[in-house]
Amino acid sequence: MISRHKQEMKRLREESQGRVACLKSKLREVKASNESMQQEIERLKGLELEVEQQTSRGDGLEEDKTRLNGRLEEMEREMESRRRIEKQQGEQIARALHDLNVT
């Protein structure tokens, strides 16, 4: 009877040790998976930050583009104004020369 009890205890201990070894193995797998996920999360956070920075730079570039287009339009208006003034001055000079030749 004691021998059978010892055998049963030995069998239960071996089963328990097997389950413990299996659980330890699963725990290592879960820890490795968690570490991998954590690294992936950090990588994705880095990408998110990079995208935000690029978007911010893109917004800045868009603002620069808008500002430069506004400046270009302003310069075009200024050039058109100068052309009108030059034309008017040319016409005034032509009239003055014509008046001088007439008199």
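- With Ser33 as the partner, the side chain to side chain contact (heavy atoms under 4.5 Å, CB included) test is satisfied by one option alone out of Met37, Lys31, Glu29: Met37.
- A distance-only check finds a donor-acceptor pair linking the side chain of Thr55 to the backbone of Val51 [under 3.5 Å].
- Remark: Arg28 CZ to Leu23 CG distance equals 10.5 Å, nearest 0.5 Å.
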side-chain contact (heavy atoms from CB on, under 4.5 Å) between Asn69 and Lys65, intermediate numbers included
CA-CA 6 Å; Asn69 280 338; Lys65 180 181 171 188; 3.8 Å; yes

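- The line from CD of Glu91 to NE2 of His98 is 14.0 Å long, rounded to the nearest 0.5 Å.
- Rounded to the nearest 0.5 Å, atoms CD (Gln54) and CG (Leu47) are 9.5 Å apart.
- The side-chain heavy atoms of Arg19 and Glu15, taken from C-beta on, include a pair separated by under 4.5 Å.
- Distance CG/Leu97 to CG/Asn101: 6.5 Å, rounded to 0.5 Å.
- Ion pairing between Glu48 and Lys45 fails under the 4.0 Å rule for side-chain N and carboxylate O.
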Do Arg67 and Glu63 pass the salt bridge (charged side-chain N to carboxylate O under 4.0 Å, His left out) test, and can you show the C-alpha distance, the side-chain angles, and the key distance before you say yes or no?
CA-CA 6 Å; Arg67 186 175 45 78; Glu63 289 171 9; over 6 Å; no

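- Here CZ of Arg82 is found 11.5 Å from CD of Gln89. Values are rounded to the nearest 0.5 Å.
- By the 4.5 Å heavy-atom criterion applied to side chains, Gln53 and Leu49 are counted as neighbours.
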Worked verdict on Met9 versus His5 for side-chain contact (heavy atoms from CB on, under 4.5 Å):
CA-CA 6 Å; Met9 291 300 286; His5 180 69; 3.8 Å; yes

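- Contact check for Glu74 versus Arg77: side-chain heavy atoms found under the 4.5 Å cut-off.
- Ser36 places no side-chain N or O within donor-acceptor distance of the main-chain N or O of Ala32, the cut-off being under 3.5 Å.
- Note on Glu86 versus Arg83: no salt bridge recorded, every NZ/NE/NH1/NH2 to OD/OE distance being 4.0 Å or above.
- For the pair Arg84 and Glu80, the minimum side-chain heavy-atom distance is below 4.5 Å.
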Residues Glu8, Arg11; criterion salt bridge (charged side-chain N to carboxylate O under 4.0 Å, His left out); working and verdict:
CA-CA 5 Å; Glu8 183 65 18; Arg11 184 183 69 73; 2.5 Å; yes

